[in-house]
Protein chains: 2
Amino acid sequence: MSGRVTIRDLARAAGVSVSTASKALNDNGRMADETRARIKRIASEIGFRPNALARGLLSSRSFTVGLLTNDTYGRFTLPVMAGISEALVDHGVSVFLCAIEDDPALGKIHVDAMLDKQVDGIIATGKRVDRSLPVDLAGLPVPVVYAFTAGTPDSVTFTADDAQGAGLATAWLREIGRRRLAHVTGPEDFASVRERAFAFASEAGGNAPILYGVWSESWGHEAVARLWDDGGERPDGIFCGNDQIARGVIDALRERGVKVPGDVAVIGFDNWEILAQQTRPPLTTVDMNLKELGREAGLMVLSLAEGRTVEPGLRKLPCKLVVRQSCGGARYA
Amino acid sequence: MSGRVTIRDLARAAGVSVSTASKALNDNGRMADETRARIKRIASEIGFRPNALARGLLSSRSFTVGLLTNDTYGRFTLPVMAGISEALVDHGVSVFLCAIEDDPALGKIHVDAMLDKQVDGIIATGKRVDRSLPVDLAGLPVPVVYAFTAGTPDSVTFTADDAQGAGLATAWLREIGRRRLAHVTGPEDFASVRERAFAFASEAGGNAPILYGVWSESWGHEAVARLWDDGGERPDGIFCGNDQIARGVIDALRERGVKVPGDVAVIGFDNWEILAQQTRPPLTTVDMNLKELGREAGLMVLSLAEGRTVEPGLRKLPCKLVVRQSCGGARYA
DNA sequence: TCACTATGGGAAAAGGTTTTCTCATGTCGA
DNA sequence: TCGACATGAGAAAACCTTTTCCCATAGTGA
C-alpha cells in the first residue's frame with residue numbers, strides 16, 4: 001500500500017486472482033473476452049502500471065540500455081543519443097547516458113553500474129572513429145554495439161562513410177563548375193582525415209592541394225594564408241575537414257576581400273547546425289547522419305538482446321550533403 | 001545458470017546459506033569475522049555482483065534517476081548532466097537521459113517509462129529558465145527537482161543568478177577602466193534577459209544603451225552597426241547577452257577596424273567553451289556554473305528520495321567570470 | 001547437572017510480476 | 001448416463017536479494 005498501485009490491487013478491484021489479472025493485461029492465457037476487457041478497463045481506471053523491476057527480474061530483460069561516451073561537448077554524442085532514444089522509446093526502452101571522459105576507472109564504474117542494473121545492452125560512442133573507449137567491453141554478458149567509435153574486430157560497429165561523404169562534397173564542387181579544388185583538414189593521424197583526403201584526391205585529381213592541420217577555426221585562417229600567399233594557383237573551391245575549419249576559412253577569405261561563394265565555394269563537414277547556420281554565408285556541409293546511425297545502433301543492440309544473431313563487422317552508413325549558401329545557393333531546394 | 005553469477009552461486013561456493021552470504025556482504029547480522037572475510041573474498045573471486053533489480057524490488061530504491069530535457073543542442077543540458085552524473089555516480093546512481101523536445105506526448109511517454117522503472121527521482125532541465133517543460137510533473141510519486149527550467153512554486157528549483165552574473169561582468173568592465181558601456185542582448189521576453197539588463201543598468205548607469213534582439217551572431221553584427229552608425233556616443237565596453245552575440249559583435253568590430261580589446265572590451269555570457277575559446281580574441285565571459293548546478297540538483301533529488309524533507313523554493317547559484325583576452329588579458333591569471 | 005545466555009548460521013518471507021500447472025464447471029456426442 | 005473435452009480461472013513457483021525470526025551449539029554460573 002506504498003502509494004503505488006500493484007497488480008494485487010488490480011486483482012482485488014476486479015474480483016479476480018492476480019494471475020488472471022496478469023494474463024488479461026498481457027493477452028495471455030484463455031479467458032472470456034468480457035473478463036479481459038473489464039480487467040483492462042479497471043486497470044487503466046485505477047492507473048495500474050506494472051513495476052518494470054519485477055518484470056525485469058523475471059524476464060531478465062530490463063528494457064534499458066547504456067550509452068557510454070567520451071565526447072565531452074556532446075557534438076557527436078547528442079545526435080547519436082537522439083537517434084537511439086527515438087528508435088527505442090517505441091519499444092519501451094530507456095537509455096542510461098554515461099560520460100566517462102577518458103578515465104578508465106570512471107568507465108569501469110559506469111559499466112559495472114550498468115551491468116548491476118541488468119541493462120539489455122551497451123552502445124559505445126565517442127568523438128573519434130579510430131580510437132576506442134578507455135574501457136574493455138569484450139566478454140561482457142550483454143551485447144555491445146559500437147557507434148562512431150572503434151570496436152573490436154568481432155563486434156558490430158556503425159560508422160559514417162567518410163570516403164563517400166568526401167566524394168559527395170568534392171563531386172558537388174566540380175558539378176557547380178569549380179576546377180581548382182583544395183582540401184583543408186585536420187590531423188593526418190585521424191583515420192577519417194585520411195579517408196576523406198583519399199576520396200578527395202580521387203575525385204579532384206592528384207595534384208589538388210591537401211593541407212593537414214588541426215580542428216580549429218584558426219587553422220582555417222592559416223590555411224587560407226598559405227594557399228593565397230605561397231604563390232601557387234589559388235583555389236576556387238575548398239572542401240574543409242569540419243565546420244570549424246570551414247568557418248575559419250570563410251572568415252579569412254572575407255578578410256581578404258574574396259567573395260564566398262562568388263570567388264570561392266566552401267564546403268564543411270559535420271553539419272554542426274548551430275555553427276553551420278550561423279556562418280555567413282550559411283555553410284554547405286556534409287552531414288554524417290549521426291541520428292540515423294544512432295537509430296540503427298539502437299535497433300541492433302535490441303535485436304542482439306532479443307537473441308538474434310547478426311554478422312559482426314563494420315557497417316558504413318552513407319553521408320548526405322546539406323546545401324546552404326556557401327556554395328552558391330541550394331540547387332535542389 | 002544464465003551466465004550471471006547469483007548469490008546462490010556464492011553461497012554454494014562458500015559452503016554457507018544464501019542468507020549468511022548476504023549478511024556477510026552487507027556487514028549485517030552476527031558472524032565470525034573469519035567467515036565474513038572468507039565470503040567476501042570468494043565473492044570477488046567469482047565476480048559476484050548483486051542484481052540491482054532484485055535489490056530494488058525489495059528496497060523500493062532503484063538507484064536510478066531520470067533527467068528530462070527539451071534542450072536539443074544540449075548546450076545547457078550537457079554540463080548539467082555531467083554535474084548530476086558526477087555527483088551521483090559515487091552513490092551508485094545512474095541517470096536516464098530523456099530528450100523530449102517540446103512534445104507533450106513524448107514527454108508523457110518518457111515520464112511513464114521512468115516511473116515504470118521506479119526511478120528514485122526526476123530532474124527537469126531545459127534551455128530557458130522562465131519556461132517549463134511541456135509535461136506536468138506535479139503529483140508524481142517520486143521527488144522532482146527543477147534545474148535551469150521553470151518549476152512549480154512549491155517545488156525545489158535551481159537556477160543561475162543572472163543578476164549577479166551580469167553585475168560581475170559590468171563591474172569588471174568598469175574596473176578595467178571602461179566608462180561608456182553598452183549591453184547587447186536577446187529578446188526582452190526572456191526573464192533572464194530582463195534580469196541581466198536590470199543588473200547592467202544598475203551598475204553601468206541608467207543611460208547606458210541596452211539593445212534587445214535575438215540570440216544570434218548576426219544580431220551582434222547589426223547591433224554594432226546601430227551603435228556605430230546612429231551618431232551617438234560609441235561604447236568602449238560591450239556586455240553581450242550570450243557568447244554567440246559576443247562573437248558577432250567582435251567580428252563586426254574587427255570588420256570596422258575597431259580593436260578588441262584595445263578600443264572596445266567585450267564580455268559574453270554562457271562560457272560555451274567551444275565557441276568562446278575559438279573567438280579571436282578568446283572571449284571573456286560569464287559562466288553559469290551549470291555543472292555545479294547539476295551537482296546540487298542531483299544531490300538534492302537524492303536527499304528527497306531518501307526521505308529528507310527540504311524547504312521548497314528557488315535557489316540561485318552564483319555565476320563566475322571567466323577572463324580571457326577579449327577584455328585585455330587575464331588580470332588574475 | 002541444569003538453566004541460561006551468547007554466538008554463529010540457517011529457514012523463510014517479502015517485494016511485484018509472469019508463467020506453468022491444475023482444477024472446476026459446463027457442453028457435447030455416443 | 002457416462003466419458004471426453006473445451007473453457008475459464010486460480011494456485012504456486014520462479015526471478016534474486018534482504019531481513020526477520022528462529023534454532024542449534026557451546027560456554028557460563030549456580
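Here is the naming used below: chain letters follow the sequence lines, and residue numbers restart at 1 for every chain.
- Note: CZ (Arg61(B)) to P (dT17(D)) measures 18 Å, nearest angstrom.
- Here the straight-line distance linking atom CD of Glu292(A) with atom CG of Asp287(A) works out to 11.0 Å at 0.5 Å rounding.
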*Let me have DNA chain C in dot-bracket notation, would you? Count Watson-Crick plus G-U wobble pairs, both distances under 3.5 Å, and use [ ] for pairs crossing earlier ones and | for inter-strand partners.*
||||||||||||||||||||||||||||||

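- Here the NZ-OG1 distance, from Lys23(A) to Thr35(A), works out to 11.0 Å after rounding to the nearest 0.5 Å.
- For Asp71(A) (side chain) and Thr77(A) (main-chain N/O), a donor-acceptor pair under 3.5 Å exists by modelled atom type.
- The distance between atom CG of Leu10(B) and atom P of dC16(D), rounded to the nearest whole Å, is 14 Å.
- When the nucleotides dG16(C), dT18(C), dT19(D) are ranked by their closest atom to the side chain of Ser22(B), dT19(D) comes out on top.
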_Between Thr64(B) and Phe96(A), is the side-chain contact (heavy atoms from CB on, under 4.5 Å) condition met? List the steps._
CA-CA 9 Å; Thr64(B) 280; Phe96(A) 285 126; 3.8 Å; yes

*How does protein contact run along nucleotides 4-14 of chain C, one letter per nucleotide 5' to 3', with B for base contact, S for sugar-phosphate only, - for none, heavy atoms under 4.0 Å?*
---BBBBBB-B

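- Summarising the geometry, the separation between CZ on Arg12(A) and P on dG16(C) is reported as 11 Å, rounded to the nearest angstrom.
- Evaluation of the side-chain contact (heavy atoms from CB on, under 4.5 Å) rule for Leu10(B) yields Ile7(B), Ala21(B), Leu25(B), Ile39(B), Ile42(B), Ala43(B), Ile46(B), Phe48(B) as partners, not counting sequence neighbours.
- Distance Leu57(B) CG to dT17(C) C1': 9 Å, rounded to the nearest Å.
- Asn51(B) has no side-chain polar atom (N or O) that falls below the 4.0 Å cut-off from OP1 or OP2 of dT17(D).
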*List the steps, then state whether side-chain contact (heavy atoms from CB on, under 4.5 Å) holds for Ile84(A) with Ile123(A).*
CA-CA 9 Å; Ile84(A) 296 172; Ile123(A) 302 172; 3.6 Å; yes

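- Enclosure of atom CZ in Arg41(B) by more than 12 non-hydrogen atoms of other residues, nucleotides or ligands within 6.0 angstrom is indicated.
- Each ring pair (Phe, Tyr, Trp, His ring centres under 6.0 Å) pair with one or both residues in residues 65-94 of chain B, not counting sequence neighbours, appears once here: Phe76(B)-Phe148(B).
- Here Leu58(B) contributes atom CG and Leu53(A) contributes atom CG; the two are 11.0 Å apart, rounded to the nearest 0.5 Å.
- Backbone-only engagement by Thr6(B) is indicated by non-hydrogen atom pairs under 4.0 Å involving sugar-phosphate atoms exclusively.
- Comparing dG16(C), dT17(D), dT18(C) by their nearest atom to the side chain of Ala54(A) picks out dG16(C).
- At a cut-off of 3.5 Å, with distance as the only test, a side-chain donor of Ser94(B) or Lys117(A) sits close to an acceptor on the other residue.
- Atom pair Arg4(A):CZ and dG16(C):C1' shows a separation of 12 Å (rounding to whole Å applied).
- Arg8(A) has its CZ atom 7 Å from the P atom of dG16(C), to the nearest Å.
- No more than 12 heavy-atom neighbours from other residues, nucleotides or ligands sit within 6.0 angstrom of CG on Asp33(A).
- The separation between Asp27(A) atom CG and dT18(C) atom P is 12 Å, rounded to whole Å.
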Can you give the donor-acceptor pairs under 3.5 Å from side chains of residues 97-110 of chain B to other protein atoms, not counting sequence neighbours?
residue   : atom : partner   : partner atom : Å
Glu101(B) : OE1  : Thr72(B)  : OG1          : 3.1
Asp102(B) : OD1  : Asn70(B)  : ND2          : 3.0
Asp103(B) : OD1  : Ala105(B) : N            : 2.9
Asp103(B) : OD1  : Leu106(B) : N            : 3.3
Lys108(B) : NZ   : Asp112(B) : OD2          : 3.0

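- For residues 109-122 of chain A, proximity to DNA chain C is found at no residue, defined as any non-hydrogen atom under 4.0 angstrom from a strand atom.
- Proximity of Asn28(A) to the phosphate of dT19(C): a side-chain N or O atom is located under 4.0 Å from OP1 or OP2.
- Atom CG of Asn26(B) is separated from atom C1' of dT20(D) by 14 Å (rounded to the nearest Å).
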